[in-house]
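Have a look at the structure below, then the notes.
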Amino acid sequence: MEADSKPKKSGARLCCVCNQNRAALKRPKTLEQICRECFYAVFEEEIHQVILENQLFKPGERIAIGASGGKDSTVLAYVLSELNRRHNYGLDLFLLSVDEGITGYRDDSLETVKRNELQYGLPLKIVSYKDLYGWTMDEIVKMIGLKNNCTFCGVFRRQALDRGAALLKVDKVATGHNADDIAETVLLNILRGDIARLSRCTSIITGEDGPIPRCKPFKYTYEKEIVMYAYFKKLDYFSTECIYSPNAYRGFAREFIKDLERIRPRAILDIIKSGEDFRISTTTKMPEQGTCERCGYISSQVTDAFTLPDTL
Ligand code: SF4
């Protein structure tokens, strides 16, 4: 847990919502002094409203929650199960995990997901790179080193989630991307001049033209609040970073956003709003989406979606 996310003792100040209980924390998103019970209530209610306003789910749908064992997906699994029960969404929920084959990281985090399966009573499906592609990330990193490993891994994961979702016969995949992640991605796409990604990275539902759409119920949920919620609720999650994570560029964007948030908490929502409101000139040439000649999967290249060297 980050130092500034830790709940602080707040003297005898009363909760600004119920005006009865002692405030237990300052909400990172609004800086309001609030008690624990009211924090749980507003945190869950905001997510419920996002789900309703954006029509993320329909009654009777089968939904896979992309589960890594980390704080975001663990809180997502917990909150979606609660809201599904409380508001009768009528959803069949599943946990879907991808095993990249990273010793000392994913093997441990998958143990957390297996415990979540029992704790929340949600069926779990694990798909592995080894089974799908014949390679683990450990083997790939041994071959190619630590340069571009995340490019391989990212493409593999995207496909693996689609394959797992198809096996589970779900209608949609819900992921734990939070407001901080999305603000970071907006900034990164601006810094890279990636207009195509910039125009779709703030969408709350993506891939509607593909086989299985994805949605982000935490699009407006602050990372610090997710950490607080998991902490106070004593949820069982795994907090170690991937051992192959270089992420230097994203790390700068993350730190920049954290600095802005310290000065003005709304900065995260404002960056997302800026991303949503970007209009791309009709004269801008956009990259065309292709199909891989080998596997038939969607690709940003004209031919190969992603091809491992034959020697690998
Ligand atoms: Fe894969 Fe890179 Fe993420 Fe590790 S940090 S899980 S290698 S994408």
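Remember, it's a predicted structure, so these values are computed and weren't measured experimentally. Note that ligands are numbered from 1 as they come in the structure, with each ligand's atoms numbered from 1 the same way.
Look at C150 and atom 4 (Fe) of ligand 1: no N/O/S atom of the residue is under 2.8 Å from the metal. Within the 2.8 Å limit, C242 places no N, O or S atom next to atom 1 (Fe) of ligand 1.
The residue from D180, I226, T175 that alone fulfils the side chain to side chain contact (heavy atoms under 4.5 Å, CB included) condition with D72 is I226.
Each of the atoms 5 (S) of ligand 1 lies under 4.0 Å from some heavy atom of S245. Within the listing of ligand 1, atoms 7 (S) sit less than 4.0 angstrom from a heavy atom of N149.
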Please list, one pair per line, the donor and acceptor atoms closer than 3.5 Å that link side chains of residues 43-50 to other protein atoms, with sequence neighbours excluded.
from : atom 1 : to   : atom 2 : distance (Å)
E44  : OE1    : R86  : NH1    : 3.0
E44  : OE1    : R86  : NH2    : 2.9
E44  : OE2    : Y229 : OH     : 2.5
E45  : OE2    : Q49  : NE2    : 2.7
E46  : OE1    : R27  : NH2    : 3.2
E46  : OE1    : K29  : NZ     : 3.0
E46  : OE2    : R27  : NH1    : 3.0
E46  : OE2    : R27  : NH2    : 3.2
H48  : ND1    : Y89  : OH     : 2.7

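Side-chain N or O atoms of K219 include one that pairs as donor or acceptor with a backbone N or O of T202 at under 3.5 Å.
With respect to the salt-bridge test (charged N to carboxylate O, under 4.0 angstrom), the residues D259 and R262 qualify.
Using a 4.0 Å cut-off between heavy atoms, R157 contacts ligand 1 through its side chain alone, with no backbone atom that close.
Under the side-chain hydrogen bond (donor to acceptor under 3.5 Å, both in side chains) criterion, T30 pairs with E32, not counting sequence neighbours.
Ligand 1 does not have E241 within reach: every non-hydrogen atom of the residue lies 4.0 Å or more from it.
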